[in-house]
Amino acid sequence: MTASTPSSAQSAFLTACRESIGTNHVLNTPSDTASYLTDWRRRYTGAACAVLCPASTEEVAAIVRHALTHRIALVPQGGNTGLAGGATPDTSGTQALLSLRRLKRIRALDLHNNTITAEAGVILADVQAAALAADRLFALSLAAEGSCTIGGNLATNAGGTAVLRYGNARELCLGLEVVTPEGECWDGLRGLRKDNTGYDLRDLFIGAEGTLGIITAAVLKLHPQPAARVTALAALASPQAALAFLALAQRAAGPLLTGFELMSDFCVRLVGQHFPQLPYPFRHKHAQIVLLELSDNENEAHAHALFERLMAAALEQGLVEDAVVATNLAQTAAFWALREHIPLAQAKEGLNIKHDIALPISRIADFMSATDAAIAQAVPGARQVTFGHLGDGNLHYNVAAPPGVEAQAFLAQHEATINRLVHDSVQRHHGSISAEHGLGQLKIDEAARYKSTTELRLMRTLKHAFDPLNLMNPGKVLRWH
Ligand code: FAD
C-alpha cells in the first residue's frame, strides 16, 4: 500500500498521536473502545481507528495537527449523553474519536466577576458543585448532569430545566478556548459581559456540535445561590390551562419563576409503572401535570407567600385542579425525579419516535391538538409521550407504539410517516425541529428539508471556511455538498 492509502495514513497518524499523548491514551482494542462507539440511546454504533484521550489543550492541538497532516477525520466526544448521535463516528473505521474527558481541571474561579473557568471535560455536576462550594450557582441543569461535560453542553447549546430564568448554555458562557481545524489554539477565554469587537466567534462554536473546532475550556457565568426554593406539582385539565397558568405565574413571579415543566398524565403513569418508588402524585387522574419552581433571593417566608398568592389566583380562575407543594428537600428531589425519570421510563418501555421541538409559546396548544389528531388518524392507538420545558416553548413530543405492538416493528413501519407529520406541523406553527438536542446525524436531513436555501448556503460557507478538508465531525449538522 502507498503512504496515501487509508491504513498507512492511519498508522502514521496513530504513531504521531502516541508520541504526543502517550501510548496508554491511544485506545484501539474493542474492549477499551466499545463504550465510546455506541450512543446513549443505542441508536448508533460506529467504528473508529482509535479513541484518543488527550489531557490538555496542547495535546488536543497536537492531535488536530496530526489529523490534518494525515487527513483523518475527528469526532469529538464528552460524556456521550447526546441524543442526536453527534458524538458517534460513522461505520467506516477511518475516523478517530477524540474524547475530551481527561481535560477536567477547573482553572479559575473569579467571585467578583461571578465566573468559573472550566476545561471541556469537566462533568456538569462538578461545575455545579464547585460553584456551590463558593456560594454561587451554575444554573445549567439537566438529567444527564452526572455524566455530560461542559464541552458537550456548549457544543450542543444544551437547555435543561432552568432556561426560563437563566438561559441556555450559550447564555451562560462568556468565553471559550478552541482548537481550530488547523490545530491552532484560539484563546477567547474572556470573562466579559460586553464585547462588541466584530464577529462573535464564541457564538459560532457554541451549538456547532464539534463541526467547526474543538472546545477545550470555557468561562462560565455564575449567579447567586437562591435563598429559598418552592417546588410544586399542579394538576390541570388541558395544555390550554397549562399555558394560561404559565402566563399567570410569569406575571406573579416575574424572574423568580425558574422552572415550568409539563408532563402528560401518560408520562407520569409510565414513570410509576417502571419506577414504582415514584408513584402518581395525585389521588385522581388529571390530563396534565406541571412541575413549577420559584427561586427567591429573600427568604423561605417570602417565597411561600408568593407561591400561595399565585395558587390562590390559579384556583380562583379555575386553571388548577389540584396541587401539592414540596415541604422538604426530599420531596423537592422526588418531584424533580418524577420529571427526570420520564426519558428513563421511555427507554425501559422500548424505542419510541422522539421529537425535540420548539414552538412560539402562543402556538403550543394549537400545535398539540392538530398534531395529536393527525397522529391518531395516521396510526390508530399510537401513544403520545408529551412532556417538556413548557416555559421555554420546548416539547419532547414523542410517540410510542400502540399497546401490544413491538417497538422495533412500529418504528420500521411508521417512523418516517410520523416524523414528516410532526415536523411539517412544527413548520406550519413556525417552530424548530430541534430545540435543545442538536441535529447530530439524526436530524441532518430533516434540518436540510426545513431550512431555507439561503440559510443552508450561509451555514455551508462557514463550514467550508473553517474546515476546508471536512475533518471536524463530518456527517453531522449539515451535509458537505
Ligand atoms: P456528547 O454526547 O459527548 O457530545 C454531544 C455533541 O457535542 C457531539 O456532536 C460531540 O461531537 C460534540 N462535542 C462534545 N464535546 C465537544 C467539545 N469539547 N468540543 C466540540 N464538540 C464537542 N439536553 C438538553 O439540552 N436538555 C436536557 O434537559 C437534556 N436532558 C437529558 C436527559 C438525559 C437522561 C440524557 C441522556 C440526555 C439529555 N440531554 C439533554 C442531552 C445531553 O445530555 C446534552 O446534549 C449534553 O449537553 C451533551 O453533553 P455530552 O458531554 O454528553 O456530549
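As the structure lists them, so they are numbered: ligands from 1, and atoms in each ligand from 1. From a predicted model like this one, the values you see are computed outputs, not experimental measurements.
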Asker: Salt bridge check: are Glu293 and Arg339 linked by an N-O gap of less than 4.0 Å?
Answerer: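 So Glu293 does not pair with Arg339 through a salt bridge.
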Asker: Just to be sure I understand the cut-off, which residues have at least one non-hydrogen atom under 4.0 angstrom from an atom of ligand 1?
Answerer: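 For ligand 1, the residues that come within the 4.0 Å heavy-atom cutoff are Trp40, Pro76, Gln77, Gly78, Gly79, Asn80, Thr81, Gly82, Leu83, Gly86, Ala87, Leu100, Ala120, Leu142, Ala143, Ala144, Cys148, Thr149, Gly151, Gly152, Asn153, Ala155, Thr156, Ala158, Gly159, Gly160, Glu209, Gly210, Gly213, Ile214, Ile215, His389, Glu436, His437, Asn473.
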Asker: Would you say the side chain of Arg42 lies within less than 4.5 Å of the side chain of Leu351, judging by non-hydrogen atoms?
Answerer: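 No, every pair of side-chain atoms sits at 4.5 Å or beyond.
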Asker: Are the side chain of His355 and the backbone N or O of Tyr397 linked by a donor-acceptor pair below 3.5 Å?
Answerer: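 It does hold such a pair.
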Asker: Give a yes or no answer on whether the side chain of Lys463 reaches the backbone of Asn470 with a donor-acceptor pair at less than 3.5 Å.
Answerer: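 Absent.
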Asker: Which residues pass the salt bridge (charged side-chain N to carboxylate O under 4.0 Å, His left out) test with Arg43, not counting sequence neighbours?
Answerer: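 With sequence neighbours excluded, Arg43 shows a salt bridge (charged side-chain N to carboxylate O under 4.0 Å, His left out) to Glu415, given in chain and number order.
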Asker: Can you tell if the side chain of Leu27 reaches within under 4.5 Å of the side chain of Cys53, non-hydrogen atoms only?
Answerer: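 Counting from C-beta outward, Leu27 and Cys53 do come under 4.5 Å.
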